[in-house]
Each structure stands twice: as C-alpha cells, then as structure tokens.
Student: 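Pasting a structure here, questions to come.
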Amino acid sequence: MFELLLKGGHVIDPASGRNEPADVAFDKGRVAVIDRDIEEHQARSTVDVGGRYVVPGLIDLHTHVYWGGTSLGVDADKIAVRSGTTTFIDAGSAGAGNLLGFRKHVIERSRARILAYINVSFAGIFGFSHYLMVGENSDIRMCDARACRDIAREHTDILCGVKVRVGLVAGGTSGAAPLDIAIESAESLHMPVMAHIDKPPPSRRQVINRLRPQDVLTHCFKPYPSAPITADRTVREEILAARERGVIFDIGHGMGSFDFEVARGMIDEGFYPDVISSDIHALNIDGPAYDLLHTMSKFLALGLPVMDIVRMASSEPARAIARSDLGRLAPGSVGDAAVLDVRQGRYTFTDVLGQKMSHNEAFHCDGIVIAGEWIPNSD
C-alpha cells in the first residue's frame, strides 16, 4: 500500500527525459512507482492532479533564508508551496561566525530542505536592508580562508560550497581579494565557489577568469556595467571561455541582477543559463523577483520550453551542488515533487530596471510533495 498517489498528471523529469502522462506513487518518503495507471485502492491517499505537470521538487540555487538571523532572510516554509520549491540553497547568508545558529535555529527546524553555501566573510551578509547597505567584504579582515574552512569541515552534510560577493557594493575597494580567499578555502574543502559580482572593481573579466570548472557565476544576466553581452549584442569572450571550461551560469534574479534586454540578447545568441534561481530575500520578495516560480514564468515569456525551464530549476541545480538524489522524479529517488499548472491569462513581468514584459501564460503551483507528504497550495 502506497502512502500517496498523484493521479492523472503529466510527468516531466528532465533528468531521465520522461515527458508523458503518468501517475506517481510515494512510499516511505521516496518515489515508489511511476506508471500510466496506478489504481487508487493501492494508496492510502490520492490527489487528483489531472491536467497538471508533475515535476521534481524544484531547487532554488540562490536564496537567503536565514530568517530571524539576518536582515535579508525570508521564511522558506512560507514560500515553499507557492513557489514549488522543496529545496532552498542559501547563498552565503551565514559565515563561519554564525553558521551554527543558522543550522540549529532554521535549517534543522525547516519543513522544506535547506542547504547552504558558507560565506567567506566571517559574519556572513550582516548589513543588508532598506536603511543601510554595508558590504561584508568591505573590511578584508572579515575574510579568512582558515576560519571558513575549519567550520565548513564540520558541516559538509549541509554545505554546497563557498559563497563570495565581490564588487564595489559588497567589497568596497577590496577588488578580487575576497574571491581569491574564497577559492583558497574552497580548494581545501574540495568544493566549488559561488561568485556574485555587482559593480566594478573588480572587473567582470577579473572575476570570470578566476572561476574554475563547477564554480557558479550567479547573476549571469546582469545589466550594464557587468552584463555578459556587448553593446552590439554578442556574448563576451570571457563568458564563452568560462562556459567552455565548465563554469555554471546561474540567473540569481534578486533585486538588481536580471535584465530583460540582456536575457533576450543572450538567448538570441544561443546562450541559455544553466540554472534559474530567484535570489529571494527580504528586499525583493514583494517584487521584482517574488520567488522561483515567478522567475521561471519570466522565461516562459522569453520563449523557453517548459521542459527546459523545469530542467534549469531541478536537475541542473542538483548537478551544480553534486546532489544526484535531488532534482529528479524516478523510482527510488527522494520523494519530492511539485504539481504545476501553466495558466492562461494576461500577465505583466518586471525586471530589475523596471522594464516590463507581457505574456499570456504563467506558472502556478497547486501543491508540493516533501518526503512523500502532500502539501496543498491554499492560495
């Protein structure tokens, strides 16, 4: 007897290439069976998901969910269902000085899964609000490779890598030094780096050329002056070279890092992001990012197929964090799923510069499954 049956849906699992009508049964916190017609009497609980997509539980690779411990943190459990997100990857909210608090008070109490990049800055992102903005790397004394490494070694079960924010806002005049320190720490841990870049210094080229295979460049469709595309709409050489050597390109929408014109130009050039993520935090949860599913809807408006969009929010972020047990919907896999509908209507989307785009479709989440348990969307 299965614990839960999702009946009558259309399963999309980019990891296996499955794209077909099928029922999905869950048992003991895992996917048990995927088949064309599983009878209802075989399950204790059945949810009719006819006409909906059943996809792997979505993974948001760039979020800030140290709620209550940092000024920018939002509550993952409050946005999980509406956004179809079962795994939140916190992008450096906590550093060596406060990772323990993040783990004990948020990660271990959360219904949604939370993993994290540890910030190379000892205090994490501590001065981020509507009222003040103090970059955590503006005093380079905050960045210590040994402190980061030593704490990270004790928490590898929840960590995906080392996060560093470089640029004028995050690092003042420290240039590329925080990135170099982050790479030093990450190398000792055999982990990747996720690198944020805001305004120079350092230059885009200085950052990109330092990144290694499996490192993540977040905010990859930023507006000028750190845009990945030139004024004549060609992809910059250092961007192409980085992809060639295996750097992962992540959207990280956020408050200032997603430009429709840049996105159109990159897509026209055949340069798609590897990962779609929201960079959700307290300053953009009411727009323009809102959440992962809203960010994914912007890519519907940009013309990407549903299969590709789901892949960029499931199997690709799972690959980026080396978690093959996540981001897939197959017998034996973790029992996480999202039930999505592509609704028809008139929708207006806004980027970080206030540019607007209208489209007649948007994603909606009817509910999620976490460890085999159905959680409906009551909105």
Side-chain angles (χ1 to χ4, degrees), residues 1-60 76-88 110-113 291-293 296-297 300 305-319 323-345 361-379:
M1 178 75 66
F2 303 123
E3 292 173 353
L4 172 68
L5 174 63
L6 300 183
K7 182 76 176 170
H10 185 107
V11 173
I12 292 180
D13 178 38
S16 65
R18 188 187 291 268
N19 185 4
E20 62 186 2
D23 302 337
V24 183
F26 300 84
D27 196 49
K28 297 182 176 62
R30 294 192 170 271
V31 177
V33 176
I34 301 177
D35 206 345
R36 282 282 183 148
D37 189 16
I38 303 173
E39 296 182 1
E40 292 188 30
H41 69 80
Q42 294 181 270
R44 292 187 180 90
S45 176
T46 299
V47 179
D48 181 0
V49 295
R52 307 293 192 263
Y53 291 116
V54 180
V55 306
L58 301 180
I59 302 171
D60 197 341
D77 283 341
K78 286 188 176 180
I79 60 175
V81 179
R82 81 178 199 203
S83 64
T85 307
T86 58
T87 300
F88 292 79
S110 175
R111 191 175 195 181
R113 181 182 297 100
D291 56 42
L292 177 58
L293 206 61
M296 291 166 61
S297 291
L300 272 180
V306 170
M307 184 77 162
D308 287 344
I309 295 171
V310 171
R311 174 176 54 80
M312 293 172 187
S314 58
S315 58
E316 284 301 304
R319 180 178 70 86
R323 288 289 301 263
S324 59
D325 57 323
L326 303 177
R328 58 189 300 115
L329 202 61
S333 66
V334 170
D336 291 359
V339 176
L340 306 182
D341 185 21
V342 177
R343 291 189 173 178
Q344 304 297 308
E361 292 180 327
F363 286 110
H364 178 270
C365 182
D366 283 5
I368 60 176
V369 179
I370 295 180
E373 182 179 351
W374 171 247
I375 308 170
N377 187 354
S378 58
D379 291 346

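Sequence positions, counted from 1, serve as the residue numbers for this chain. All of these numbers come straight from a predicted model, not from anything done at the bench.
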Student: Not counting sequence neighbours, which residues clear salt bridge (charged side-chain N to carboxylate O under 4.0 Å, His left out) with Asp291? List them please.
Tutor: Arg82
Student: Heavy-atom distance under 4.5 Å between the side chains of Val306 and Ile309, does that happen here?
Tutor: no
Student: Is the side chain of Asp77 donor-acceptor paired with the backbone N or O of Ala112 at a distance under 3.5 Å, no angle test?
Tutor: yes
Student: Test of understanding: with side-chain hydrogen bond (donor to acceptor under 3.5 Å, both in side chains), list the residues that count as partners of Ser45, not counting sequence neighbours.
Tutor: none
Student: Just verifying a value: how many Å separate Leu300 CG and Phe363 CZ, rounded to the nearest 0.5 Å?
Tutor: 4.0 Å
Student: Do Met296 and Met312 have side chains that get closer than 4.5 Å, going by heavy atoms?
Tutor: no
Student: To the closest 0.5 Å, what do you measure between CZ (Arg328) and OG (Ser315)?
Tutor: 8.5 Å
Student: Among all residues two or more places apart in sequence or in another chain, which pass the side-chain hydrogen bond (donor to acceptor under 3.5 Å, both in side chains) test with Glu361?
Tutor: Gln344
Student: Between the main-chain N or O of Ser83 and the side-chain N or O of Thr85, is there a donor-acceptor pair closer than 3.5 Å?
Tutor: yes
Student: Determine, stepwise, if the pair Leu340 / Leu293 fulfils side-chain contact (heavy atoms from CB on, under 4.5 Å).
Tutor: CA-CA 9 Å; Leu340 306 182; Leu293 206 61; 4.0 Å; yes
Student: State, with a plain yes or no, whether a side-chain heavy atom of Val47 is found less than 4.5 Å away from one of Leu5.
Tutor: no
Student: Please identify each residue that fulfils salt bridge (charged side-chain N to carboxylate O under 4.0 Å, His left out) with Asp336, with sequence neighbours left out.
Tutor: Arg113
Student: Output all residues satisfying side-chain hydrogen bond (donor to acceptor under 3.5 Å, both in side chains) with Glu316, sequence neighbours left out; order by chain, then residue number.
Tutor: Arg319
Student: With a 4.5 Å limit on heavy-atom distance, are the side chains of Phe88 and Ile79 in contact?
Tutor: yes
Student: Give me each pair satisfying ring pair (Phe, Tyr, Trp, His ring centres under 6.0 Å) with a member in residues 6-55, each pair once, sequence neighbours excluded.
Tutor: His10-Tyr53
Student: Among pairs that include at least one residue of residues 362-372, which meet salt bridge (Lys or Arg N to Asp or Glu O under 4.0 Å), considering only residues two or more places apart or in two chains?
Tutor: Arg52-Asp366
Student: I need the minimum non-hydrogen distance between Leu4 and Ala43, along with the two atoms involved.
Tutor: C-CB, 4.3 Å
Student: Asp48: what forms a salt bridge (charged side-chain N to carboxylate O under 4.0 Å, His left out) with it, not counting sequence neighbours?
Tutor: none
Student: Where is the tightest heavy-atom contact between Leu326 and Ala318, given as atom of each residue plus distance?
Tutor: O-CB, 3.3 Å
Student: To the nearest 0.5 Å, what is the distance between CG (Leu58) and CG (Leu292)?
Tutor: 5.5 Å
Student: So, do Asp60 and Thr87 sit near enough that their side-chain heavy atoms are less than 4.5 Å apart?
Tutor: no
Student: Identify the two heavy atoms, one from Cys365 and one from Gly84, that lie closest to each other, and give their separation to 0.1 Å.
Tutor: SG-CA, 3.7 Å
Student: Restricting to side-chain hydrogen bond (donor to acceptor under 3.5 Å, both in side chains), what partner residues turn up for Glu40, sequence neighbours left out?
Tutor: none
Student: Which heavy atom of Val31 sits nearest a heavy atom of Val334, and at what distance?
Tutor: CG2-O, 3.9 Å
Student: Does anything in residues 23-33 form a side chain to side chain donor-acceptor pair (under 3.5 Å)? List the pairs, not counting sequence neighbours.
Tutor: Lys7-Asp23
Student: Quick one: OG on Ser314 to CG on Asp13, what's the gap to the nearest 0.5 Å?
Tutor: 7.0 Å
Student: Could you work out, with salt bridge (charged side-chain N to carboxylate O under 4.0 Å, His left out) as the rule, every residue matching Glu39, not counting sequence neighbours?
Tutor: none
Student: Give me the atom names and distance for the closest heavy-atom approach of Gly29 to Glu3.
Tutor: N-OE1, 4.1 Å
Student: Is the shortest heavy-atom distance from the side chain of Ile368 to the side chain of Ile370 under 4.5 Å?
Tutor: yes
Student: Can you list the residues that meet the ring pair (Phe, Tyr, Trp, His ring centres under 6.0 Å) rule with His364, with sequence neighbours excluded?
Tutor: none
Student: Tell me the closest heavy-atom pair linking Ile12 and Met307, and the distance in Å.
Tutor: CG2-SD, 3.3 Å
